[in-house]
Protein chains: 2
Amino acid sequence: MTHDRTAVREILEKARAEGRTALTAPEGKRLCDAYGIATPGEGLATSAESAAALAAEIGFPVVLKVVSPDILHKTEAGGVVVGVSDAEEARAAYEKIIANARAYNAEAVIDGVQVQQMVGGGQEVIIGAVTDPTFGKVVAFGLGGVLVEVLRDVTFRLAPLSGDDARGMLDDIRAADVLDGVRGAEPVARDALADMIRRVGDLVGDFPEIAEVDLNPVFADARGATAADVRILLAEGPVEEPARLSREQILASMNRIFKPRAVAVIGASAETGKIGNSVMRNLINGGYRGHIYPINPKASEILGLPAYPSISAVPGEVDVAVFAIPAKFVPAALEEVGAKGVAGAIMIPSGFAETGNTEGQAEIVEIARRHGVRMLGPNIYGYYYTPENLCATFCTPYDVKGNVALTSQSGGIGMAILGFSRTSKMGVSAIVGVGNKADVDEDDLLTFFEQDDNTACIAMHLEDLKDGRGFFEVARRVVRKKPVIVLKAGRTAMGARAASSHTGALAGDDKVYDDILRQAGVVRAPGLNDMLEYARALPMLPTPKGENVVIITAAGGSGVLLSDACVDNGLTLMDIPPDLDQAFRAYIPPFGAAGNPIDITGGEPPATYENTIRLGMTDPRIDALILGYWHTIVTPPMVFAELAARVVAECRAAGHDKPVVASLAGDTEVEAACEYLFDRGIVAYPYTTEKPVAVLGAKYRWARASGSMGG
Amino acid sequence: MTHDRTAVREILEKARAEGRTALTAPEGKRLCDAYGIATPGEGLATSAESAAALAAEIGFPVVLKVVSPDILHKTEAGGVVVGVSDAEEARAAYEKIIANARAYNAEAVIDGVQVQQMVGGGQEVIIGAVTDPTFGKVVAFGLGGVLVEVLRDVTFRLAPLSGDDARGMLDDIRAADVLDGVRGAEPVARDALADMIRRVGDLVGDFPEIAEVDLNPVFADARGATAADVRILLAEGPVEEPARLSREQILASMNRIFKPRAVAVIGASAETGKIGNSVMRNLINGGYRGHIYPINPKASEILGLPAYPSISAVPGEVDVAVFAIPAKFVPAALEEVGAKGVAGAIMIPSGFAETGNTEGQAEIVEIARRHGVRMLGPNIYGYYYTPENLCATFCTPYDVKGNVALTSQSGGIGMAILGFSRTSKMGVSAIVGVGNKADVDEDDLLTFFEQDDNTACIAMHLEDLKDGRGFFEVARRVVRKKPVIVLKAGRTAMGARAASSHTGALAGDDKVYDDILRQAGVVRAPGLNDMLEYARALPMLPTPKGENVVIITAAGGSGVLLSDACVDNGLTLMDIPPDLDQAFRAYIPPFGAAGNPIDITGGEPPATYENTIRLGMTDPRIDALILGYWHTIVTPPMVFAELAARVVAECRAAGHDKPVVASLAGDTEVEAACEYLFDRGIVAYPYTTEKPVAVLGAKYRWARASGSMGG
C-alpha cells in the first residue's frame with residue numbers, strides 16, 4: 001500500500017497550528033483519499049448556485065452538510081439535508097442549512113456546505129481507531145446500527161495490522177454471518193473491508209497525533225466499501241511513545257537478577273519475625289549456592305554469615321540486593337546499591353505508591369534509573385528462581401523444580417500461587433512478585449523467560465499493563481515458543497473512561513484487552529484457579545498436531561458432559577471414519593456406542609480401556625484424547641490409572657505422542673488415581689468433566705496461536 | 001382477557017377436516033381477532049376492481065398478497081406487491097399477482113388476493129409459539145431481522161404465561177435496550193407487546209392442535225403493536241398431554257420407598273463380588289433398621305438373615321424390592337413383586353433400553369403399572385436415604401447425614417457424587433440413580449423431597465426430561481421452599497430437530513431448556529463440579545435479605561478478582577453510604593481503601609479482620625459478605641479461620657444473620673482453614689476467587705426465584 005504521507009502531514013499540521021482537535025469533513029476526506037480509503041463523491045459549495053451545480057456533477061441524490069470547525073454535531077444544528085434529488089432542492093437545502101447553522105451558533109465560522117453523493121444500501125458497518133490508554137492506537141470494527149450500539153458487537157486490534165489481523169476482525173464479531181449475506185442480501189466484499197481496516201490502521205500508526213477516527217457508517221456491498229461519514233479527532237498535546245529498553249539491555253540485567261553470583265540483604269536481621277530474618281533464612285534454607293551478604297550496621301554476623309555495615313563494604317561484586325528495610329531508609333540505601341553496580345534491587349518494602357506515596361516511589365525510580373539498577377517492586381513478597389535454589393522472599397521456601405514461571409501483581413495472589421503449587425506439587429522455575437511495577441514489569445520478565453531454558457510456560461496475573469504495546473510485541477514473539485497464560489483482573493472496572501467519538505465510547509471496556517491479548521496469542525484465563533490449572537497442565541501436555549479430539553468414556557453420562565465441555569472450549573469432536581469406527585467397535589460391547597464420544601460402557605474390564613486407549617493413541621488421525629473413567633469393581637481407580645499411564649507411556653515411547661486428559665468419576669480412590677496420572681503426564685481430575693477439557697482447550701488455544709500445530 | 005374460543009374452534013375444525021396443516025392468512029387473522037391480537041386492516045379481493053375499492057377503504061399504502069392454500073411461500077411465487085399507493089396501482093398489482101401465482105403453480109387453488117394495510121416503522125419484533133418435544137407449547141419473543149436470525153437473540157417461556165413472565169421476556173433478550181428506543185427512536189409500548197405475548201400463549205394453551213405460530217414481523221411503536229404477518233401451523237395427528245399421577249398418589253408410593261419398613265433383595269447372594277451380595281452388605285452395614293429379606297431360591301440364609309425362595313414366601317409386608325438379577329429374569333420376579341403389593345421396585349439390572357432392548361423395558365413397565373408398583377431405573381446403582389440409614393445400592397455405604405438430596409441420570413455421575421460427597425464431607429439426605437427413567441423420574445422425586453423434612457436442597461443431574469411440563473410445574477412449586485439445582489447435560493446435542501416455521505427453527509437448541517428452567521426458578525449449574533459445590537454450600541448459607549453485597553479483603557488483588565466474579569455472577573456491590581464508609585475506615589489503615597471492596601490491606605492483625613467482619617455482619621444495610629483473606633505471619637490462616645467463625649457465630653446468635661463466603665489466598669495451611677470455616681457455616685475455598693462468589697451467586701439466584709428475599 002502506498003500512502004501519501006505528505007498530504008496528511010500538511011493537513012494535520014494546519015489543523016494543529018490552528019489549535020483544532022477536530023478535522024473538518026473535507027479534511028477528513030482528503031486524509032482518506034491520501035490513504036486510499038474510499039469516500040463518496042463530493043465537493044464544497046459556497047453558494048446555493050454552486051451547490052446545485054456540484055450536485056448535478058456528482059449525480060443525484062445527494063446529501064448536503066454544513067462545514068464549520070465550530071459545529072461538531074451537524075444534525076443537532078440542523079446542518080444536514082438528505083435525499084436532495086434535483087437542482088431546485090439543492091438550492092433550497094443550501095439556504096436552509098446556512099440559516100439553521102447561524103441560528104444554532106451565530107459565532108460559528110461557516111466554510112460552506114458539503115455536497116455529497118448519497119450512499120446507502122448494502123451492509124452498514126463501522127470502522128474506527130482510538131487511542132487506548134494502555135495499548136495506544138487500536139482499530140475497531142463492528143456492524144453499524146443497533147448491533148454495535150446495543151450489543152457492543154465490536155472487535156479491536158492493535159494498529160498497524162496485518163492482512164490476517166484485518167480479515168480476522170471480520171470473523172470475530174458475533175454477527176459475522178451478516179457479512180456473508182442474510183435475508184437475501186448479497187455477501188459483502190470482504191477484501192475491500194479488510195483493506196479499509198488496514199488503511200485506517202496504517203493512518204493512525206503513521207500519525208500518532210490522530211487520536212480517533214470514526215468511519216461511521218461505512219456502506220459495504222458485493223462491489224466494495226465506502227465510508228459515508230468521516231470524523232477525525234486529534235490529540236491535544238504532544239504524542240510520545242514510552243521509552244523501551246532493547247532486548248539485550250533487558251537480558252543483561254535479568255540474567256544477573258535470576259542467576260546471581262552474590263545476593264546482599266539490606267536490613268538482614270537475626271531476629272525471628274523480622275522480614276530481614278525471613279529473607280536470610282529462605283536464601284540459606286532454600287539452598288542458594290552463591291554468596292549471601294547480610295547488610296546490617298549493627299551486626300557482625302547473621303545466621304552464621306559475616307555481616308557488613310553497608311553494601312559498599314562488601315568485598316566482591318553483588319548482582320542482587322534484597323531490600324528489607326522501611327520505606328524511608330530505601331533512597332539512601334539504594335544510592336549505595338547503585339554505586340556498587342548491583343544489577344537488581346528487589347524492593348520488598350511497602351509504603352510507596354500503593355499508600356499514596358507517589359513522590360517516594362518516583363524518587364527511588366529516579367535513583368535506580370540513574371545507576372542503571374533494575375528494580376522489582378516495590379511492595380512485593382520477592383521472587384523465587386528454583387534452578388538456582390533462589391528464594392529471595394520473606395515467604396516460605398519452595399523447592400519443587402519444574403518449568404512453569406509465574407508472576408503476580410498482587411501479594412495475595414502470589415501467596416495463592418505458592419499454596420496451590422505446593423499442594424499440587426506443581427514444578428516451578430520462578431515465582432515473581434511485581435507489585436507496584438515501578439520499574440521491572442511483565443515485558444522484562446517475558447523477555448527473560450523467553451530465552452530461559454528452565455522455563456517452558458509463563459503464567460501472569462496482572463491488573464494493568466504499563467505499556468500495552470510493549471507487552472504485545474514481546475508476548476507475540478514469546479508465544480511462538482512457549483505458552484503465555486494471563487489472568488487479567490479488573491475486567492469490569494474500565495467502563496468509566498470518557499470518550500468523544502463513537503469508537504472511543506465502544507473501546508471503554510475490557511473488550512480491548514481481551515481482543516488484543518488474543519491477537520498476541522496469549523491464553524487468557526477466566527479466573528485465578530484456571531490460571532493455576534493451565535500453568536500446571538500446559539507444559540505437561542504435548543502439542544496436538546491437529547483438531548481431531550476423541551472422547552473415550554465408560555460412563556455415557558460423562559461422555560455427554562465432556563462433549564458439552566468440548567463445545568464450550570472450542571474443541572472439535574472428530575468425525576470418526578468408518579474403518580476407525582469399526583476398529584473401536586471390535587473392542588467394545590455390541591450395545592456400546594462408537595462414534596464420538598466412544599462409549600465403552602460401564603462394567604468393562606481393564607482390557608477394554610487398554611485396547612481403546614491404545615487405538616486412540618496410535619491412530620495418526622486422532623490428535624488428542626479425552627478419557628472418561630467410571631469407578632467399578634471390575635476396573636478400580638488405581639488399576640485404570642496404572643493401565644492408562646502405561647499404555648500412554650508405551651505409545652509415546654513408540655513415537656505416538658498426543659495430549660491426553662482424563663475425568664475420573666468415582667469414590668474417593670479416584671483422587672489418588674488422578675495424582676498418579678498427573679505424575680505420569682496425563683492431566684486428570686476427579687469429580688469434574690469441565691476442568692480436563694478446559695485445560696486441553698487452553699493448550700489448543702496456544703497451539704493455534706503459536707503456529708506449532710501440524711508440526 | 002376474554003377470548004372467542006368458539007370462533008377459533010370452528011376455523012381449526014374446518015382446516016383439520018380439510019386435511020390442512022397450515023391456516024390461510026385470512027384464517028390466521030381471524031384467529032388473531034378472536035384472541036385480541038392486533039393485525040393490520042385488510043380484506044380479501046377477488047377482482048382487480050374490488051382490490052382497488054378495498055384498498056381505498058383501508059387507506060393507502062397497502063400491500064397485496066396472494067391467498068392460496070397451495071402457495072406457502074408467497075414471495076417466492078411472486079405473490080406479494082408492497083407499497084401500493086393508489087387505486088390504479090392496486091388494480092395492476094392484483095392482475096400481476098394472479099398471473100404470477102398461476103405461473104408458479106398452475107394447479108393452485110387461488111382464493112383471491114389479500115389487501116392489507118401497510119404497517120412498518122417502529123421496532124420490528126417476532127412473537128411466536130412452537131410445540132417443543134419436551135415442554136409442549138412454548139412462546140418465543142425476539143427482535144426481528146438480523147438480531148434474531150444471526151444472533152439468535154430470542155427468549156422462550158412455557159405457555160400459557162403470566163403477565164410477569166411476559167414482561168420478563170421483554171427484558172430477557174440481549175438487545176432489550178432497543179425496546180427503550182435507541183438512535184432517537186421512541187420507546188415501544190411494552191405493555192402492548194407483553195399483552196400480545198400472553199395472548200399467543202393463551203391461544204396455543206387453549207388449542208393444543210396449534211403446532212406453531214409465527215407473528216413475524218410484529219411492528220411495535222409507542223402506541224402499540226401490530227402483527228403484520230401471521231402464520232399458523234397445525235399438528236398432524238391427535239394431540240395428547242402425558243398422563244400424570246396426583247401428588248397424593250406419588251407420595252403414597254414415595255414415602256414407602258424412602259421410608260420402608262421392609263426391603264427384599266431379589267437375587268441376594270452370599271458370594272462376594274456379586275451385586276446381590278453388595279446390596280445385602282450395604283443394607284446391613286449401612287445400619288438399616290427395618291426388615292431385610294434376602295430372596296434366593298438356592299439359599300436358606302444369607303449373611304445371617306433367613307432367605308426366602310421367592311418374595312411371595314416372605315411372611316410380612318414388603319415396601320421395597322431391590323432387583324439384583326439378570327434382565328431376563330426380571331419380568332417373572334416383578335410379577336411376584338407386584339402380587340405382593342410392594343411399593344417400589346429398585347431396578348438395578350441393565351440390559352434394557354440402554355442396550356437397545358426397548359421391548360424388554362416396555363414389558364417391565366407394563367407389569368409395574370398393572371400392579372401399581374413404582375419402578376426406579378432400570379440400569380441404576382440404586383439409592384441412598386440417610387435418615388433411614390438406607391443404602392440400597394451395590395456401591396459403598398454413605399453415612400454423612402445432611403440435608404442435600406442428589407439424583408443422577410448416569411451411574412458415572414452418581415459415583416462422582418458419592419466420591420465428592422465423601423471427600424468434602426457433604427451432608428446428604430439422599431442419593432438416587434434414575435437411570436433409564438422408565439417409570440420414576442425427577443417429578444416424582446421432587447414431589448417427595450418437597451415435603452421431606454430431612455431435605456433442604458435438591459440437586460439433579462439430567463440429560464433429558466420425560467415430561468418437561470410436569471417437571472416445570474413441580475419444580476416451580478418446590479423452588480418456593482427449597483433450592484432446586486439442575487445440571488442439564490447435553491446442552492449442545494439438540495440442534496438437529498426439524499422445524500417448519502421461523503420460531504420452530506429458533507427453538508432447536510438448548511435455549512428452550514435454559515429459559516424454561518429459569519422460568520421455573522431452578523438454579524442451573526454450568527458443570528458437574530458447580531452442581532456439587534452448589535449442593536454442598538447452598539443449604540449452609542442463610543438466605544440474603546437484599547442485594548447489597550460487600551467485599552472485605554486484605555489483598556487488593558483478591559478484591560479486584562472478587563469484584564470481577566460478582567459481576568460475572570449477577571451480584572450487586574453495595575454502594576457504601578458515607579456513615580458506613582466512615583465506620584469501616586475507623587478500623588483500617590489510612591492508606592486502606594473503604595468503598596467496596598473494602599481493602600483492609602495486607603499485614604493487618606486479627607483485630608482488623610475481626611472489627612470489619614463484625615461491622616459487616618451487624619450493619620443491617622449489608623445483605624451478604626465476601627471475605628478475601630491474605631496469609632501473613634501477623635494473621636495466620638487458622639487464626640483468621642477461628643476469628644471469622646467466632647465473629648460470624650456471635651453475630652448470628654445475636655440475630656444478625658447473612659450469607660458469608662470466603663476466598664483464602666495463602667500457603668497450604670489455608671486448606672485446613674477452609675475446612676474449619678466450612679464446618680462452621682462459612683463457605684470458604686482456597687486458591688480461587690471465583691468459586692465462593694459463584695456459590696453466593698447461586699444462592700442469590702434461588703433467593704430471587706423463590707420470592708424469599710426481603711423476608
Side-chain angles (χ1 to χ4, degrees), chain A residues 145-147 149-151 174-175 177-178 182-183 273 354-356 396 408-413 415-416 418-420 422-423 461 463 489-493 527-529 532 554-558 560-561 563-565 567 591 602 628 630-631 633 665-668 670-671 686-691, chain B residues 145-147 149-151 174-175 177-178 182-183 273 354-356 396 408-413 415-416 418-420 422-423 461 463 489-493 527-529 532 554-558 560-561 563-565 567 591 602 628 630-631 633 665-668 670-671 686-691:
Chain A
V146 164
L147 282 159
E149 289 199 26
V150 175
L151 296 178
R174 276 180 281 157
D177 289 350
V178 169
V182 285
R183 299 188 128 197
E354 85 285 1
T355 63
T396 42
S408 78
Q409 191 164 347
S410 140
I413 305 307
M415 285 302 296
L418 198 64
F420 175 89
R422 209 186 298 280
T423 204
H461 158 265
E463 293 177 357
R491 296 202 307 274
T492 50
L528 172 58
N529 204 258
L532 295 168
S558 297
V560 178
L561 289 168
S563 301
D564 284 349
V567 174
F591 53 90
W630 179 8
H631 186 162
I633 46 168
D667 212 331
T668 50
V670 297
E671 296 174 30
Y687 320 132
T688 167
T689 46
E690 303 80 39
K691 223 181 253 187
Chain B
V146 165
L147 282 158
E149 289 200 25
V150 175
L151 296 178
R174 277 179 280 156
D177 289 350
V178 168
V182 287
R183 299 188 126 197
E354 85 285 1
T355 63
T396 43
S408 77
Q409 192 164 348
S410 140
I413 304 306
M415 285 302 296
L418 198 64
F420 175 90
R422 208 186 299 280
T423 203
H461 158 265
E463 294 176 358
R491 296 202 307 274
T492 50
L528 172 58
N529 203 258
L532 294 168
S558 296
V560 178
L561 289 168
S563 301
D564 285 349
V567 174
F591 53 89
W630 180 8
H631 186 163
I633 46 169
D667 212 331
T668 49
V670 297
E671 296 173 31
Y687 321 132
T688 168
T689 47
E690 303 81 37
K691 223 181 253 187

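Order of the sequence lines sets the chain letters (A, B, ...), proteins ahead of strands, with each chain counted from 1.
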Sidechain-backbone polar pair: D564(A) side chain, G490(B) backbone, donor-acceptor under 3.5 Å: yes
Given the options [options], which has more heavy-atom pairs under 4.5 Å with chain B than any of the others?
{"options": "G412(A), G273(A), S410(A)", "value": "G412(A)"}
{"options": "Y687(A), F420(A), W630(A)", "value": "Y687(A)"}
{"options": "A565(A), G527(A), A554(A)", "value": "G527(A)"}

Checking heavy atoms, do the side chain of E354(A), its backbone, both or neither come under 4.5 Å from chain B?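 The backbone, not the side chain.
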Which bit of A665(A) is near chain B, if near means a heavy-atom gap under 4.5 Å: side chain, backbone, both or neither?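 Both backbone and side chain.
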Sequence neighbours left out, what passes side-chain contact (heavy atoms from CB on, under 4.5 Å) with T688(A)? Give chain and number order.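 Here the qualifying residues are Y685(A), E690(A), K691(A), P692(A), N529(B).
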Partners meeting side-chain contact (heavy atoms from CB on, under 4.5 Å) with T396(B) (sequence neighbours left out): D667(A), L418(B), R422(B)
What part of E463(B) gets closer than 4.5 Å to chain A, counting heavy atoms only: side chain, backbone, both or neither? side chain
If one checks every heavy atom of A555(B) against chain A at 4.5 Å, the contacting part turns out to be side chain
Most chain A-contacting option - heavy-atom pairs closer than 4.5 Å, from I633(B), D177(B), L561(B), T689(B): L561(B)
As an exercise: rank G556(B), G411(B), S558(B) by heavy-atom pairs under 4.5 Å with chain A and give me the winner. G411(B)
